[in-house]
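Let me begin by presenting the structure, written as structure tokens, before commenting on it.
We use all heavy atoms of the structure for the numbers below, so side chains are in, but hydrogens, waters and symmetry mates are not. Remember, predicted model here, so these are calculated numbers, not experimental data. Quick note: residue numbers are just sequence positions, from 1.
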Amino acid sequence: MDNPQKRRYSKYSLSVAKTTEEWVTNHGLVDYEGASVNQLMEFLGVSDNTYYKWKKIHTEFAEGIERGKELYKAAKASKLERSLFKASEGGFVEEETETTEYIPSTNPERPQIRKMVRTKNKKYIKPDVGAAIFLLTNLSPETYQNRRNAEVKVPKGKEQEMTLDELNAEIARLSKPDSDNE
């Protein structure tokens with residue numbers, strides 16, 4: 001995890017809580033492939049004792065961490081949802097590749113570029129039926145179900161006892177494919 005601007009906090013303040021919440025929102029914290037607590041403490045420049053003390057004593061610090069985790073989770077879910085929609089629809093995707101050719105240099109710290117080529121390719125991705133079924137069954141479960149519904153509904157007040165022959169006939173009727181049960 002990159003920490004371009006590490007902080008060094010010696011005292012707690014509300015700005016620490018705000019900065020921590022922003023960092024956790026962007027990097028996560030343990031859950032959902034997020035950063036580790038050690039990485040957060042390194043970013044803040046505090047010891048584990050200080051971190052856990054602040055979390056215990058300052059409710060806005062602990063709540064900020066939880067809010068950040070929820071926002072990180074929501075962003076991850078949204079990203080996954082978008083990629084699932086794209087996969088279910090398929091279509092053309094543009095890929096860009098970059099090839100760099102270097103000139104031998106006496107200073108390996110500063111290589112010299114001879115030629116840089118960027119190539120764009122379009123490729124077709126087939127729609128993913130599994131992703132489409134997953135989306136339909138989860139976005140509209142009352143319309144699309146991933147299982148057969150074999151409920152028997154008896155209108156109120158019409159309950160009656162069935163003879164063994166009637167019961168066997170009803171079982172046979174329900175055992176037939178759906179088109180015959182209509």
Side-chain angles (χ1 to χ4, degrees), residues 1-9 15-46 51 55 60-151 177-179 181-182:
M1 201 58 53
D2 57 303
N3 288 334
Q5 297 176 324
K6 290 183 185 178
R7 314 279 176 160
R8 170 80 42 207
Y9 293 105
S15 70
V16 172
K18 187 176 187 317
T19 302
T20 302
E21 182 176 340
E22 289 172 5
W23 191 90
V24 173
T25 298
N26 292 325
H27 298 93
L29 195 62
V30 183
D31 305 328
Y32 310 102
E33 306 270 328
S36 70
V37 175
N38 286 338
Q39 289 168 317
L40 174 58
M41 290 185 302
E42 183 181 323
F43 170 77
L44 295 173
V46 298
Y51 170 79
K55 198 171 172 188
E60 64 276 356
F61 183 74
E63 289 170 355
I65 290 171
E66 290 307 312
R67 268 192 310 276
K69 286 167 72 173
E70 286 302 312
L71 290 169
Y72 179 79
K73 176 183 168 185
K76 280 278 198 181
S78 178
K79 185 177 179 182
L80 286 170
E81 200 172 88
R82 284 192 307 276
S83 68
L84 244 180
F85 274 110
K86 284 181 184 177
S88 71
E89 294 172 341
F92 287 95
V93 175
E94 193 171 280
E95 291 180 332
E96 187 174 321
T97 56
E98 185 177 285
T99 309
T100 307
E101 191 177 302
Y102 296 97
I103 298 171
S105 175
T106 55
N107 183 358
E109 299 280 323
R110 302 201 69 195
Q112 293 181 335
I113 297 175
R114 175 181 292 162
K115 180 168 78 172
M116 183 183 291
V117 178
R118 286 195 178 125
T119 311
K120 290 184 179 181
N121 294 323
K122 267 190 172 180
K123 73 177 192 179
Y124 180 74
I125 297 176
K126 293 187 334 184
D128 186 337
V129 176
I133 290 169
F134 178 82
L135 286 169
L136 286 172
T137 57
N138 284 285
L139 294 175
S140 185
E142 51 293 325
T143 306
Y144 301 98
Q145 295 183 3
N146 209 7
R147 64 185 179 282
R148 184 173 166 199
N149 188 354
E151 287 182 28
D178 284 339
S179 60
N181 289 335
E182 306 283 326

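- For CZ of F134, the number of neighbouring non-hydrogen atoms (other residues, nucleotides, ligands) closer than 6.0 Å is 12 at most.
- Here the OG1 atom belonging to T20 is positioned 4.0 Å from the CG atom belonging to L44, to the nearest 0.5 angstrom.
- To the nearest 0.5 angstrom, T25 atom OG1 is 14.0 Å from K73 atom NZ.
- Between A62 and K55 the shortest heavy-atom distance is CB-O, 3.5 Å.
- Atom CG of D128 is separated from atom CZ of F85 by 13.5 Å, given to the nearest 0.5 angstrom.
- Closest heavy-atom contact between L135 and L84: CD1-O, 3.8 Å.
- Qualifying salt bridge (charged side-chain N to carboxylate O under 4.0 Å, His left out) partners for E22, counting only residues two or more places apart in sequence or in other chains: K18.
- Closest heavy-atom contact between S88 and P127: O-CB, 3.4 Å.
- Contact check for N38 versus M41: side-chain heavy atoms found under the 4.5 Å cut-off.
- Panel note: side chain S83, backbone L80; a donor-acceptor pair is recorded below 3.5 Å.
- Distance check, rounded to the nearest 0.5 Å: CG of D31 to OH of Y72 gives 9.5 Å.
- In this structure, V30 and S36 approach most closely via the heavy-atom pair CG2-CA, 4.5 Å.
- In this structure, CG in L71 is found 14.5 Å from NZ in K76, a value given to the nearest 0.5 Å.
- For residues 86-133, the ring-ring contact (aromatic ring centres under 6.0 Å, His included) pairs, not counting sequence neighbours, are F92-Y124.
- Atom CZ in R67 sits 10.5 Å away from atom CD1 in I65 (nearest 0.5 Å).
- Residues T99 and T119 form no side-chain contact, since every pair of their non-hydrogen atoms from C-beta on lies 4.5 Å or further apart.
- With sequence neighbours excluded, the residues forming a ring-ring contact (aromatic ring centres under 6.0 Å, His included) with Y51 are F61, listed by chain and number.
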